[in-house]
Amino acid sequence: EADIYQTPRYLVIGTGKKITLECSQTMGHDKMYWYQQDPGMELHLIHYSYGVNSTEKGDLSSESTVSRIRTEHFPLTLESARPSHTSQYLCASSGKLRAGSSYNEQFFGPGTRLTVL
Amino acid sequence: GESVGLHLPTLSVQEGDNSIINCAYSNSASDYFIWYKQESGKGPQFIIDIRSNMDKRQGQRVTVLLNKTVKHLSLQIAATQPGDSAVYFCAETPGMDSSYKLIFGSGTRLLVRP
């Protein structure tokens with residue numbers, strides 16, 4: 001089972017509040033990702049990081065920001081939450097290549113379901 | 001742009017039957033594919049993967065088939081069980097330049113009837 005954690009699991013908050021979604025992994029993975037997922041829909045990559053002090057925007061534009069100061073920690077911040085930010089946010093990580101593979105399996109956390117009123 | 005999509009949004013099968021979930025992709029440069037299973041309230045869980053130099057790979061009760069000619073991927077689940085009920089996503093890595101990023105399809109919900 002993957003050791004990647006997200007807190008909080010559920011968050012209901014009012015418009016205009018600043019929030020930080022936490023993501024931590026204990027696998028020593030260098031790569032980490034944030035996805036946004038609406039119920040029953042596909043996952044959209046919003047941020048990723050290939051290592052400490054490296055962050056990139058993903059394929060879906062997002063008003064959120066991320067930081068990667070430590071290998072194991074990849075928090076996502078919304079400076080001013082709006083109802084349009086209501087969604088599920090999934091964090092993932094990937095690390096050393098598996099034997100015989102050129103690619104990395106991504107391990108996912110349980111997600112944070114965010115509701116902005 | 002590139003897209004990964006699924007033919008059927010919902011698949012209902014009888015317990016014990018085999019299930020086949022299909023996926024189409026449009027980027028011929030994609031060279032790695034993964035199937036994920038997502039249960040309600042949880043993050044996606046890896047099931048099986050396949051590289052583009054293969055056309056079939058088997059796991060425990062699951063088989064992935066890749067047809068590069070028609071850019072089609074399928075997941076076969078043998079002897080489907082109630083615990084298999086979930087949403088299944090295919091995902092692709094669009095080539096070596098983006099070898100760490102995944103593009104996900106829209107998902108198929110599998111319902112297993114007792």
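Chain A is the first sequence line, chain B the second, and so forth, proteins listed ahead of strands; every chain is numbered from 1.
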Exercise. Counting only heavy atoms not in K56(B), do more than 12 fall under 6.0 Å of its NZ?
Worked result: no
For this session: With a 4.5 angstrom heavy-atom cut-off, could you sort out which part of Q45(B) is near chain A: side chain, backbone, both or neither?
Result: neither
Exercise. Tell me, do E105(A) and D49(B) make a side-chain contact under 4.5 Å, heavy atoms counted?
Worked result: no
Problem set entry | Cluster overlap L21(A) with I4(A), hydrophobic side-chain contacts below 4.5 Å | no
Exercise. Taking everything shown except Q60(B) itself, do over 12 heavy atoms lie less than 6.0 Å from its CD?
Worked result: no
Exercise. Where do P44(B) and L90(A) come nearest, in terms of heavy atoms and distance?
Worked result: CD-CD1, 3.9 Å
Problem set entry | same_hphob_cluster(F74(A), I19(A)) at 4.5 Å side-chain heavy-atom cutoff | yes
Exercise. Between I13(A) and Y10(A), is there a shared hydrophobic cluster once you connect ILVMFWY residues whose side-chain heavy atoms come closer than 4.5 Å?
Worked result: no
Problem set entry | Interatomic spacing from CD in Q106(A) to CZ in F104(B) - rounded to 0.5 Å | 6.0 Å
Problem set entry | Over 12 non-hydrogen atoms of neighbours within 6.0 angstrom of CD1 in I69(A) | no
Problem set entry | Part of R113(A) within contact of chain B (heavy atom distance under 4.5 Å) | neither
Seminar exercise, completed: Output for pair (E56(A) CD, K101(B) NZ), nearest 0.5 Å, gives 8.5 Å
Exercise. By a 4.5 Å heavy-atom criterion (distance strictly below it), what part of Q88(A) contacts chain B: side chain, backbone, both, or neither?
Worked result: side chain
